[in-house]
Amino acid sequence: MLSGLNGRVVIVGAGHAGGTAATLLRQYGWTGAITLVGAEARPPYQRPPLSKGLMLGKVTPQELQLKPEGFYAERQIELRTGTCVTRVEREAQRVLLETGEALAYDHLILATGARLRPLPVPGIDLAGVVSLRTDVDALRLRAAVQPGTRVLVVGGGYIGLEAAASARTLGAEVCVLERENRLMARVASQELSAFVTGYARSKGVAIELSASVVGFDGEQGQVRSARLADGRSLPCDLALVGIGVLAEQALAQEAGLVCEDGVVVDEEALTSDPRISAIGDCTRRPVVLFERNARLESVHNAMEQAKQVAARLCGKPQPVAEAPWTWSDQFDLRLQIAGLTSPDDQVALRGDTAGNAFAIFHISPQGLLRAVEAVNAPMDFAFARMAIGKRLRTPGVRLSDPAIPLKDVAIA
Ligand code: FAD
């Protein structure tokens, strides 16, 4: 185990989690060597704008960087971009790089993120069948989407819907294909799914539910249509496949760390090896407020776990457990979601779906506020996030009553 603040820390993955952990370690007083190794060509950057502002041309790739040029060097953080770690040797306490070099560590942090869930169908390799995870993907997509381009989005989750909204805003003809019988089935309530479906359709996005893609057809190597399980063929110039991600856990698994759809960590982001932590999208972690384990894919999760590991290594108090939260921008809707839902939750609506500003609250059978899905309702979201974190009880009837101010709704 480490003692003092001067061991060698190696961080694998220079994304939101890895970049934040390196920064916080220095901020909390770590004096030893910190090496941040990332496979991508660029220093750590924010992914959320890839499907939103970057695709719409409102922000530049440069503006997405987590930290300004020179930041890491100034803090003696050795940043090695464009470099893949190929192996973790736990006995020797070192990682091997694709260059053949080895980096020794006293503590290793895995922050390898997630990789795209593959869609194993014929035609997936045709030109024009694309995905969206990196800045390179987003810039390619933006260049390909022109007014009138026929874009098929395979997958009606947050990222697919954001990209669909951006493409539509750029003047494309957009159709979203979703295998389940509602949009965002894995992450949103029936009520929110229904609202978002209606809203996207009102903006001219075609939405096909219960629609499975079984292949793509092309001409001269370029995609021309998608084939559906029901026999239909839908023409397209571009097909964006966004059917979710899988934890990038190969290094951890090969090294014999416990993995269960994500590298398993404790509430301080420690893996089954006391010299190895894991943070961000690659982990399966305890969500303390909900007494369950989950794999969370969000900026908040990446930052919270980066804080946990930096605090633990630097001997600082652990951050207070917060409700998990995320957001999504689609057209002029800002969705903000906090907490985790359960099938036995009761649902209470506050606000006006017709006015596109409302919040759906989820309340447990014991009366605890467990989750919120807010649409253009930032105050409702802020209240709910706080109330979930404090485990406040909130009767649904009072939440739904616009005459009762939110500050008077909760019961401790
Ligand atoms: P990542 O950001 O994926 O970083 C992991 C890094 O590790 C990658 O750069 C990868 O190349 C590198 N790596 C992997 N293996 C190796 C290896 N062996 N050697 C070296 N490097 C390696 N979240 C929200 O909360 N709100 C949003 O609105 C939102 N929108 C999103 C929109 C898009 C288009 C995408 C793709 C994601 C969005 N997310 C959003 C999710 C959020 O970006 C992720 O949860 C967050 O980036 C996770 O950070 P991470 O560091 O764990 O993983």
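Atoms within each ligand, like the ligands themselves, are counted from 1 in listed order.
Using cut-offs of 30° and 60° for the angle between ring planes, the H300 and W325 rings count as tilted.
When the heavy atoms of I159, V85, L36 are ranked by distance to atom 37 (C) of ligand 1, first place goes to I159.
Side-chain N/O atoms of H362 and E373 include a donor and acceptor closer than 3.5 Å. For Y158 and Q330, the side-chain atoms include no donor-acceptor pair closer than 3.5 Å. In this model, a donor atom of one side chain and an acceptor atom of the other lie less than 3.5 Å apart for S328 and E162.
The contact set between ligand 1 and L251, taken as ligand atoms under 4.0 Å from a residue heavy atom, comprises 18 (N). The distance from ligand 1 to the heavy atoms of S298 drops below 4.0 Å at these ligand atoms: 23 (N), 25 (O), 45 (O). When each atom of ligand 1 is checked for a heavy atom of K52 under 4.0 Å away, the hits are 27 (C), 28 (O), 29 (C), 30 (N). Atoms of ligand 1 found under 4.0 Å from any heavy atom of G280 (numbered from 1 in listed order, with element): 52 (O).
A donor-acceptor pair is defined here as one N or O able to donate and one able to accept, closer than 3.5 Å; no such pair exists between the side chain of D380 and the backbone of A377.
At least one heavy atom of T83 sits under 4.0 Å from some atom of ligand 1. Using a 4.0 angstrom heavy-atom cutoff, Q46 does not count as in contact with ligand 1.
With a 4.0 Å cut-off on non-hydrogen atoms, C282 does not touch ligand 1 at all. With a 4.0 Å cut-off on non-hydrogen atoms, Y158 does not touch ligand 1 at all.
Counting heavy atoms from C-beta on, the side chains of L238 and V223 never come closer than 4.5 Å. In this structure the side chain of L103 never reaches within 4.5 angstrom of the side chain of R94, judged on heavy atoms.
Among the atoms of S328, none of the N or O lies under 3.5 angstrom from an N or O of ligand 1.
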